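In what follows, a single structure is set out as C-alpha cells and then discussed.
Per chain, numbering begins at 1; letters A, B, ... match sequence-line order. Owing to the predicted nature of the structure, the values given are computational and were not obtained by experimental measurement.
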Amino acid sequence: MRYAMVIDTLKCVGCSDCVVACQTENNVPVGYCRDWVTESVGGTYPIVDIELRSERCNHCTDSPCVRCCPTGASHYEEGGIVVVTHDECIGCGACIESCPYDARYTHPDGYVDKCTFCLHRVKKGQLPACVSVCPTKCMYFGDLDDESSEVSQLLKKRNHKVLAPEAGTKPNVFYLI
Amino acid sequence: MKEELFVSGRNIPNVDPFLHTWHWPIPLYLFLGGLAAGILFFAAYFTIIGKEDKVPGAIKLAPMVAPIAIVVGLAALMFDLTHMLYFWRLYTTIRLESPMSWGAWVLMVMTPISFAWAFIHLREVFPNFNWPFKWLYPIEDFLKKYKVWMAWALIPLTIVLGIYTGILLSAFNARPLWNNAILGPLFLTSGLSTGAAMNILFAKSKYERHLFGKIDLGLIIVELFFIIHMVMGYYAGPEAQKEALHLLVGGEFTVMFFVFIIGMGLVFPAILEAFELSGAKVWAAIPALLVLIGGAVLRFLMVDAGQMTRYLY
C-alpha cells in the first residue's frame, strides 16, 4: 500500500476550500495551516503562465524528517503516511529544518504538527478532508500500488510532476500539468 | 523568471516568510560544544603522550571551563526545545540515522567525564581548597587512578562531538547552505582552534603559550582551506547552493562572513600569533580572544543564514 495524492493544477481555481476544510477537520490553531495554496507565475511578459497548487506535506517515501528525528516521533504509518506522535516529540525542530517543503510547524502546544493525509478518516475508508470538499474535484487520493486505482490511472494518462524532485525525497503528492 | 505567492494567506510563525525555527541557543550550544570538545581533546592528548608537566594549563586549568561550557550549552539547547518536558524521549531510543540522537548519547557519556576530569584537578588548581565532605577524597583518589583511561575515552568522544556539531547541520539537505560535507570537519577544526585559543589564555608558561600558539596557527590555516573549499563547492553546486552562497557573498551576511569570521576571526589573529611566535611583543590574549569570538560568529552565521536558504521550486 502506498497512499498518494494527485492534484490537477489545470482544474484548481485557488479557492482555498481545502485549507479551510483541513483547519476545521483537524482543529488547526488559528493562524496556522497544514495545507496552503500557491500561485506560481512563470515565463516572460507577455507570455506568462500561472499555476495554482494546493500544497501540503508530501509524505515522502524517503522522508528526511523521519530520518532526522532523534526520538522516532516522526514515523511512517500504514501506506507510507508520515505522522508525528505528539507524546514522543521533544520540539527540537530538526524535522522542520529538514523538510524541503516547509510543511511542518510548531504547534502552540509545543509539539511539531503537519498534514496527516487525514489518517483518522482514511482508516475509516473516507477521503482526506481537503479532497472531499474540493468544489472543482481537482484532488484525488488513493493507493499507487493498486494499478487500477484512480490515482494510478491518472498518473499513467496525464503529464505530471512532483515538487523539488532534486531534493531526493521521493514525494507522494503529484501535480497534473 | 518565476514568482511564487501564497494565495491562501499562509503566515506561520517562525516558518514564513523564511524559516527561523532555531534561535540563538542553537549556535551558542554549537560553539560551546565545540569549545569543550577542543579543550578536552588537548587535555586528553597531552595526558596520553605524557607531557603533563609541560602543559599544566591545558590539562588542569582550561578543562575547568569544559563542564561549564557543556552545561550552559545543554541548558541553551533545552531552552530551545518547544516540547521541553518530553526531552527524556531522546534517551528511550537510539536512532543511528539522526545526528541529533547520537549527539545526545555522546553528551550523555561525555558530560560526566568532563565533570570527573575537572573534579580530579580542582584541588591541584586551587591548592587551598578542601572538599567539604570527607567521602569525596576516596572518590577523587579512585578517579585519579583511571585518568589515562578517561583520556583515551575522551579522544574519540571529543572528535565525535566536534564533528557532530557540523554534521547536525549538514544532514539537512533541505537547507542548501548546510548541506555540504565539509561542514563537519570545518566545525571540528574550529572547535579545536577555539580550544587551543582557550589554552593560550590559560597557559602557565611561555613554552605552553607558544606550543598552543603554533597549534592554533596550524588549525586556522586548515580552517581557511576548509572555508575556501566550502565556497568553491557552493560555486560549483546546483542553483540552490549558488543562491545560498549569495547570502554570504554580496548578500546580507557579507560583512559578518568576510569581516568578522575571515578577517577578525581567522586572518588577523593568525598574523598576530605569527608575530608573537617570532618574538614580537604581542599580548597573546588578543588573538586568542579574536579566535573565540570568530568561532562563535561562525556558528551564528551558519545557523541564521542556513535557515534562510531553501530549495527553489
Side-chain angles (χ1 to χ4, degrees), chain A residues 14-16 18-20 31-33 35-45 48-49 52 54-55 64-73 86-94 96-112 161-169, chain B residues 1-16 18-23 26 77-78 80-95 97-105 168-169 171-176 178-179 238-240 303 306-307 310-313:
Chain A
C15 67
S16 303
C18 46
V19 180
V20 178
Y32 294 75
C33 51
D35 57 350
W36 59 95
V37 179
T38 320
E39 183 184 282
S40 172
V41 182
T44 319
Y45 183 82
V48 288
D49 187 37
L52 287 159
S54 171
E55 295 182 6
C65 50
V66 172
R67 179 159 43 82
C68 288
C69 178
T71 65
H86 297 163
D87 288 354
E88 285 179 21
C89 175
I90 60 172
C92 66
I96 301 180
E97 301 286 353
S98 75
C99 179
Y101 308 102
D102 285 347
R104 290 168 165 253
Y105 59 86
T106 308
H107 191 279
D109 288 347
Y111 53 82
V112 172
K161 67 169 183 185
V162 291
L163 298 179
E166 67 274 21
T169 59
Chain B
M1 188 60 206
K2 209 172 176 192
E3 236 169 71
E4 297 258 333
L5 196 69
F6 289 134
V7 286
S8 56
R10 184 180 126 151
N11 190 18
I12 303 174
N14 295 329
V15 179
D16 298 321
F18 55 81
L19 199 67
H20 195 62
T21 298
W22 285 350
H23 311 98
I26 303 293
L77 207 55
M78 285 281 289
D80 212 47
L81 294 182
T82 52
H83 220 205
M84 205 188 293
L85 294 176
Y86 291 81
F87 84 96
W88 52 272
R89 285 284 187 186
L90 280 171
Y91 298 108
T92 56
T93 177
I94 296 179
R95 290 192 37 76
E97 282 186 305
S98 164
M100 209 179 257
S101 177
W102 43 268
W105 282 103
L168 177 73
L169 301 182
F172 299 130
N173 79 333
R175 311 294 149 203
W178 292 346
N179 188 23
E239 188 65 26
V303 171
Q307 292 186 85
R310 63 193 300 263
Y311 270 99
L312 322 154
Y313 61 84

Where is the tightest heavy-atom contact between [X] and [Y], given as atom of each residue plus distance?
| X | Y | value |
| --- | --- | --- |
| Cys68(A) | Phe172(B) | SG-CE2, 3.4 Å |
| Cys33(A) | Arg10(B) | SG-CG, 3.5 Å |
| Glu4(B) | Ser40(A) | OE2-OG, 3.1 Å |
| Tyr32(A) | Pro13(B) | OH-CG, 3.5 Å |
| Tyr311(B) | Ala164(A) | CB-CB, 4.3 Å |
| Cys99(A) | Ala174(B) | C-CB, 3.5 Å |

Can you tell me which portion of [X] sits under 4.5 Å from chain B's heavy atoms? Options are side chain, backbone, both or neither.
| X | result |
| --- | --- |
| Asp109(A) | backbone |
| His107(A) | neither |
| Thr106(A) | side chain |

Query raised in the report: Asp102(A) and side-chain contact (heavy atoms from CB on, under 4.5 Å): which partner among Val15(B), Asp16(B), Thr21(B)?
Result: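 That would be Val15(B); it is the only one of Val15(B), Asp16(B), Thr21(B) passing the side-chain contact (heavy atoms from CB on, under 4.5 Å) with Asp102(A).
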Query raised in the report: Nearest 0.5 Å, what's the CD-CG distance between Glu166(A) and Asn173(B)?
Result: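 One finds 10.0 Å between CD of Glu166(A) and CG of Asn173(B).
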Query raised in the report: Atom CD1 of Ile96(A) and atom OG1 of Thr82(B): how far apart are they, to the nearest 0.5 Å?
Result: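 One gets 7.0 Å once the value is rounded to the nearest 0.5 Å.
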Who among [options] has the most heavy-atom pairs with chain B under 4.5 Å?
| options | answer |
| --- | --- |
| Glu39(A), Arg104(A), Glu97(A) | Glu97(A) |
| Gly14(A), Ala73(A), Pro165(A), Cys69(A) | Cys69(A) |
| Pro70(A), Ser54(A), Gly72(A) | Pro70(A) |

Query raised in the report: Leu5(B) versus chain A, heavy atoms under 4.5 Å apart: side chain, backbone, both or neither?
Result: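 For Leu5(B), backbone and side chain are both near chain A.
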Query raised in the report: Does any heavy atom of chain A fall under 4.5 Å from the side chain of Trp178(B), the backbone, both, or neither of them?
Result: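 Contact with chain A is through the side chain of Trp178(B) alone.
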Among [options], which residue has the highest count of heavy-atom pairs closer than 4.5 Å to chain A?
| options | answer |
| --- | --- |
| Met100(B), Glu97(B), Arg95(B) | Arg95(B) |
| Phe6(B), Trp88(B), Tyr91(B) | Phe6(B) |
| Thr92(B), Leu169(B), Thr93(B), Val7(B) | Val7(B) |

Query raised in the report: Is there a donor-acceptor pair closer than 3.5 Å between any side-chain N or O of Ser8(B) and the backbone N or O of Trp36(A)?
Result: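 Here the side-chain-to-backbone pair does not exist.
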Query raised in the report: Are the side chains of Ile90(A) and Leu90(B) in touch, meaning some heavy atoms are under 4.5 Å apart?
Result: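 Yes, their side chains come closer than 4.5 Å.
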**Report entry** More than 12 heavy atoms from other groups under 6.0 Å of CZ on Phe87(B)
**Finding:**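 No, CZ of Phe87(B) has 12 or fewer neighbouring heavy atoms, counting only those of other groups under 6.0 Å.
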